[in-house]
Amino acid sequence: MIRRQLAKPLVDIDEDWFDNPVQDIAIDVLGGFSASHDGACPVKLPGSQTAFAKPKRDVDSHLIVAREKICADLGRALSLPTAPAVVRRPDASGHWNKHSLLSLATLPSGKIWGLGGGAFLSAVAAELERLRVFWTWVGDCDHNAHPGNLLYEVAADGSGQVSLSAIDHSFTLCHGNSLDPLRVPAAIGYGTATLASSEVMDARMAMIEEIEKLDAGGVEGLVQRLSEILTDDEQDRILRILHERRNGLRVMLGVHPK
Amino acid sequence: MTKVLEPKARRWRIEYCTDLTRSEAVVIPVGFMVEADWNAARWLGMIFRRRLTTVELDHVNIHTWGELRAPEPFMKELFQEAWSSGRTGAADIAGRYPAYTALRFAPEEIDDLQLTLDHREGFLASYAHLHSLADRLTPVMTAQILKLQPKAKPVVPDFGSLTEAA
């Protein structure tokens, strides 16, 4: 299965946003902020693609922005279907007077998982389990069957292929609790935690091993390149969370130690 | 002393975006939902297209959004659920179709519906307001009209509407 597949020109934006994590990007607002905790509004990018800008202006933002960006990048490094994200600098107009996060729309006909996604569980079980392991690693507590934070679509060409997009990673990296990296338990995900199929168990082990093999320096680099919005202490705290949770991943997921 | 609450009205535009990844994608109007709340009384209305044109359906991902093959029963079901779920029913339904999904309930500013404390008057005003939105439900994509007859019939919106008050 192809795990992270984006159509042109989205794949170019994905690469650009990964290589250049903080940018000045002109946007046109297309609608109002959603009623969710952080709020997100649709915007038009320079190339006419659509993204969602967050958080809304009265929300204390820099950690939300950082967590979303770090998780989007870590997901990309693991070839997971996390929505590409970039940190946008405040603009001269003053309308956006803080750094914000742009999350790229990647599914042309996306639907929230809570509306019928379960019917396709078997088709994407391995991918969902990989995501669950990832969410466990990053201390995510907002993909525990949250119906709106996972999108899916069935291919319009009638092939039956199901694509996913994992969005909204602001409740990660132990948000609200930076003192105990292991307090957030294993993610529940979207129906795969209790599946005993070999496909799911293999996917679980494979993702654990991929995370364990990720270059520590590379992970540090993804965090430290956000020095424009994170203090040294904040960077260290996030890296400690990632380090401790990587070491505790097998125990949290109930698999045998190395 | 009982506090008198100002009535509130909300409106959502129901539409299908044919490609969420592109800002210039065609957006197909599907309906509107309007809610008025006096705390002691409530009014909910929905106006929707009974069907999309063949050309519009060609641009809908039916494999993901099969409900748009025949919008009427789907919209009726949503309306019933929004009404029977109580005061937050409409907002809850709208929340399942946020801006980042192809079928979306987009909140709209509603400055052309003035409500007073008299909810019976408000029911009538809300009904009239709902039906004034019919003009915005004209199909955006239709087949080319072939000149086989001296006069071609204009395309008119084919819509249904549902209302409840209590």
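Just so we're on the same page: letters track the sequence lines, and every chain starts at 1. Computed from heavy atoms alone, side chains included, the values below leave out hydrogens, waters and symmetry copies.
- With a 4.5 angstrom heavy-atom cutoff, B/Glu67 touches chain A only via side-chain atoms.
- Shown here is B/Glu77, whose CD atom has no more than 12 heavy atoms of other residues, nucleotides or ligands within 6.0 Å.
- Annotation for A/Glu15: atom CD does not count as buried by contact number, only 12 or fewer foreign heavy atoms lying within 6.0 Å.
- Counted within 6.0 Å of CD on B/Glu24, heavy atoms from surrounding residues, nucleotides or ligands total more than 12; the atom is thus considered enclosed.
- Panel note: side chain B/Tyr100, backbone A/Gly148; a donor-acceptor pair is recorded below 3.5 Å.
- Of the listed residues (B/Leu103, B/Thr18, B/Ile62, B/Thr21), the greatest number of heavy-atom pairs within a distance under 4.5 Å of chain A belongs to B/Thr21.
- Contacts between A/Thr106 and chain B at a heavy-atom distance below 4.5 Å involve the backbone alone (N, CA, C, O).
- Residue B/Ala99 touches chain A through both its backbone and its side chain, counting heavy-atom pairs closer than 4.5 Å.
- The heavy-atom pair separating A/Pro108 from B/Ala102 by the smallest distance is O-CB, 4.3 Å.
- Of the two parts of A/Ile112, the backbone and the side chain both hold a non-hydrogen atom closer than 4.5 Å to a non-hydrogen atom of chain B.
- The minimum heavy-atom distance linking B/Arg96 with A/Leu115 is given by the pair O-CD1, 3.5 Å.
- Taking a 6.0 Å sphere around CZ of A/Phe120, one finds it holds more than 12 heavy atoms contributed by other residues, nucleotides or ligands.
- Residue contact with chain B, scored on non-hydrogen atoms closer than 4.5 Å, is absent for A/Ala51.
- Note that CG of B/Leu20 is 8.5 Å distant from CD of A/Glu153, once rounded to the nearest 0.5 Å.
- Shortest non-hydrogen contact noted between A/Leu151 and B/Thr101 is CD2-CG2, 4.0 Å.
- In terms of heavy-atom proximity, A/Gly158 sits nearest to B/His63 at CA-NE2, 3.5 Å.
- Between B/Trp65 and A/Ser109, the shortest heavy-atom distance links the atoms NE1-O, 2.9 Å.
- Looking at A/Ile167, only its side chain comes within 4.5 Å of chain B, counting heavy atoms on both sides.
- A pairwise comparison of heavy atoms in A/Val154 and B/Asn61 identifies O-ND2, 2.8 Å as the closest pair.
- Within the 4.5 angstrom heavy-atom criterion, only side-chain atoms of A/Leu10, from C-beta onward, approach chain B.
- A donor-acceptor pair under 3.5 Å links the side-chain atoms of B/Ser23 to the main chain of A/Ser48, judged by distance alone.
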